Every structure is written in C-alpha cells, then in structure tokens.
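As structure tokens, the structure follows; a few thoughts come after it.
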Amino acid sequence: MAIYYDNILLSNCTFDKEEKIFSLSNDENDYYINISYIPKLVTEEEEYKPEDYSVFLFENNHLNAENDAFQLYDKDKDERIGWIFPISILESNENDFDRNIHLNMYKLVVYKILLSNSFEYRVNINEINKSLSLSHIYGDDTIICILSKDKISEGEFNIHSYYPCLAIYGYFEKNNNKLVVKYPNNLIVETYRNKTKLYIKKTNNNILKLDFVKKLYCNYLKTLDHHLIRFHLLYQIIEYLITENFSSEFDQLLTKYNNNEITKNNFLEKINEIRSERKNIRKIIDKIKLQTDFEKQVNTDLKRTIKDFLRNFNIEENEHLGDLIYDMRNIIIHNYREIKDENLDLINEISYLFEILINVVIIKSP
C-alpha cells in the first residue's frame, strides 16, 4: 500500500536529518516527492522505533482543532497506550504541544510510518517531483491515532473493537466514505476539549462481528445525516439485542418446561412476557451502568428531549428511559407523517443522544 503516483509506488524513503526532509521516490528514481519534517527533531537516543507502533487514520468533525491532542488510555488497565491528534499538529510548532517531549518522539515515528511503503493505507497523489506537505498527501482533515504494540499485544488486537468508544468522542475511521455528519450541539467539544486524556474501552461482544455493525461505523454513521435514517439504523442494535435476549430467555424457559418445572400455561404466559418489546428495551437499558459524567449527562438529556418530543402527541409521560425510547420508536415508525417541521431540530438532537447511548450499549453489552 502507501503512496502512489499514477499507480507507481514511491517505495524508497530516505530522511535527511540535517535538512529535516523526507524524500520518496520510485525504484528508477525518476519520480520523487519531498516532505519537510516540521516538528522539533528528537535525538537518536530518544527515538522510538516505528516497528514498535501501529498508526490508524480517523476523522472527527468536532475534536479537530490543532490543540485537540489527547493521550489515549485503556480504560480497563488505566494505562496509556498511545496518542490521538490532528495531522495539523505535525505541521506547526505554534501549538500547546510543540515542546512535549513524549509527543515529539511519537511525531517522528508517525512521519516514518505514514511515508513507509508498508503502511496499510493507499494514497494516490497527483503531483510529482516537488515538495509536498503531509496533509497535502493525506488530507488536512486526517486524525492520527498511534498505539504502542507492546501495550495492545495481549490477545488478538483489532482496532475495530475500539470503534464504538472512539465514536463517542466523534472519531470515525478515515476511508472512502467522507465524514459529513456534524452533531447538533457542542456536547463533545464542551466535555472533552482541553482535556489531556481520553479513555477508550475494547468491545468484547459478538455485536461487532455483524457485517451491519461494521458498516454502521465505517459508512452509515459517517455519511447518512438524515435524522430518520440514523434513528432507524441505530435502533437496529436494540432490535438485535432484543432478539438475543429473547432467544436466551426462551431457551431457559424451554429447559424448565421440559424438566417439568413449570406448567404449560405458565410456559405460554412467560413467552408472552419475554416477547414484550417495551419490557425488553427496559431490560437493555437497566443493564447499562452509567459511570462517566458524560454518560450520565447524555442519559439526562435524552430523557428530557424525548419527553419534550412526546408531549406533542399526548402520550402518557414515563420516567424509565426504556419506555421513552419505545414510545419514540412508535411515533417514528407508525406516525412519522404527524411530525411537524418545528420538531425536526428536536429529533436531530434525540438522534445524536440516542447514538451516544447505543455506543455505550454496544460497549457494555455482555
């Protein structure tokens, strides 16, 4: 993979430390580009080895300012596993991090990896035999995530297992699907800008194995910005969990019935109980343990906005978030034609908060 011009791989990479210039060329050396290294250069004694790190590319329409650089901590281990920052921080020494020794060591590694022909991301450039910037090659909207292989080596590592958690902060994989969605409020920025650390947690359940969920994070949530479409897509996670819960509870009931532990009438009554979508949504919500202030704020705001919306339809007000989501779902599915234009901004806000909740549900589901 790596950097191509007219399908020709620029496979040779050299670095002139005196001039602080990376040079890339093809095997015949008739095509080349130069990339200036702008950050403070670390000494050889301080240098990290590129082979000890993995780099991933993301986009974020909210935490994308030059100073939106964060240490990434594994929430389960409470230890730093890397950094995440916008590409602009690699092309300026006029930010809050230009003298951060640790980050400067990461910066050189990032340059070396991004310009390596082994980097698993193909870039096609249309200019040759001249000096280019790193953002000219990768795009000025690129967010860099660099992780220490030593810190993520336990078990089989897959960056996709962190996607639901990264999405809470607004980060999505950079790919052919451009991130066009902007959330209707500044909750992410207000909560996390000026922080120094972001905590990410691996998702260890089977939901991420679904092809739909992969597309949800790599395509749908990035590109489909209509509130109705997004709500339907996100509700599919609820539907999946309801089905899983029903299957598990039904198998338990069936075992009890086959062992003569319950009567046929009780068996049929219990089946009707576990089929209730309203009750099943309640069960899903009850299993979520809201821990961070951000999660609690989302829970509070989601309740408030759904209540505000439902008052337009004379629906009995509920306090349980599961009931509110179910009532909201019924309006969206069965009575969307009755929704007035003045309520659309409210639905947009609900969809965003619902999205954060779904991310939390995916992360915390067993």
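No hydrogens, no waters, no symmetry mates; every other heavy atom, side chains included, goes into these values. Quick caveat, the model's predicted, so the values are computed rather than measured.
Of the N and O atoms on the side chains of Asn158 and His160, at least one donor lies less than 3.5 Å from an acceptor on the other residue. Donor-acceptor pairing under 3.5 Å is recorded for the side chains of Asp301 and Gln297.
In terms of the ring-ring contact (aromatic ring centres under 6.0 Å, His included) criterion, residue partners of Tyr169 (sequence neighbours excluded) are, by chain and number, Tyr192. Remark: His232 pairs with no residue by the side-chain hydrogen bond (donor to acceptor under 3.5 Å, both in side chains) rule, at least two apart or across chains. With sequence neighbours left out, Asn194 forms a side-chain hydrogen bond (donor to acceptor under 3.5 Å, both in side chains) with no residue at all. The ring-ring contact (aromatic ring centres under 6.0 Å, His included) check on Tyr217 picks up nothing, with sequence neighbours excluded. Partners of Asn266 according to the side-chain hydrogen bond (donor to acceptor under 3.5 Å, both in side chains) rule, which considers only residues two or more places apart in sequence or in another chain, are Thr263. For Ser11, the side-chain hydrogen bond (donor to acceptor under 3.5 Å, both in side chains) test picks out Asp27, with sequence neighbours left out. Listed by chain and number, the residues in a ring-ring contact (aromatic ring centres under 6.0 Å, His included) with Phe354 are Phe231 (sequence neighbours excluded). Shown here are the ring-ring contact (aromatic ring centres under 6.0 Å, His included) partners of Tyr31, two or more places apart in sequence or in another chain: Tyr5.
Rounded to the nearest 0.5 angstrom, Ile144 CD1 and Ile87 CD1 are separated by 4.5 Å. Between the CG atom of Asn359 and the CD1 atom of Ile168 there is a distance of 5.0 Å, given to the nearest 0.5 Å. Separation of atoms CG (Asp286) and CG (Leu321) is listed at 9.5 Å; rounding is to 0.5 Å. Rounded to the nearest 0.5 Å, atoms OH (Tyr111) and CZ (Phe22) are 8.0 Å apart. Expressed to the nearest 0.5 Å, how far CG of Leu114 lies from CD1 of Ile3 amounts to 8.0 Å. Within the model, atoms CG of Leu241 and NZ of Lys287 stand 8.0 Å from one another, a figure rounded to the nearest 0.5 Å.
Pairing each heavy atom of Ile271 with each of Leu253, the nearest pair is N-CD1, 4.0 Å. Contact between Asn7 and Arg122 at its shortest, heavy atoms only, is OD1-NH2, 2.8 Å. Shortest non-hydrogen contact noted between Tyr138 and Val123 is CE2-CG2, 3.3 Å.
Side-chain atoms of Asn335 never come within 3.5 Å of backbone atoms of Glu338 as a donor-acceptor pair (strictly under, hydrogens ignored). A distance-only check finds a donor-acceptor pair linking the side chain of Asn177 to the backbone of Cys218 [under 3.5 Å]. A donor-acceptor distance shorter than 3.5 angstrom exists from the side chain of Asn129 to the backbone of Tyr32, with no hydrogens or angles considered.
For residues 259-278, the salt bridge (charged side-chain N to carboxylate O under 4.0 Å, His left out) pairs, not counting sequence neighbours, are Glu277-Arg329, Arg278-Asp323, Arg278-Asp327. Residue pairs satisfying the salt bridge (charged side-chain N to carboxylate O under 4.0 Å, His left out) criterion with at least one member in residues 347-366, sequence neighbours excluded, are listed as follows: Arg230-Glu355, Glu295-Lys364, Arg304-Glu349. Each side-chain hydrogen bond (donor to acceptor under 3.5 Å, both in side chains) pair with one or both residues in residues 61-73, not counting sequence neighbours, appears once here: Glu66-Ser92, Glu66-Asn95, Asn67-Asp96, Asp68-Arg193, Gln71-Arg80. Sequence neighbours left out, the pairs with a member in residues 104-115 that pass salt bridge (charged side-chain N to carboxylate O under 4.0 Å, His left out) are Glu47-Lys112.
Salt-bridge annotation for Glu51 and Lys149: absent, with no side-chain N of the basic residue lying under 4.0 Å from a carboxylate O of the acidic one.
Checked options Tyr171, Phe56, Phe58; the residue passing with Tyr163 is Phe58 (criterion: ring pair (Phe, Tyr, Trp, His ring centres under 6.0 Å)).
The environment of NE2 in His102 is sparse: at most 12 heavy-atom neighbours from other residues, nucleotides or ligands sit within 6.0 Å. When the shell of 6.0 Å around CD of Glu342 is examined, it contains more than 12 heavy atoms from other residues, nucleotides or ligands. Heavy-atom contacts from other residues, nucleotides or ligands closer than 6.0 Å to CG of Asp293 number 12 or fewer.
Cluster annotation: Leu346 and Tyr336 are assigned to the same hydrophobic cluster (Ile/Leu/Val/Met/Phe/Trp/Tyr, side-chain heavy-atom contacts under 4.5 Å, transitive).
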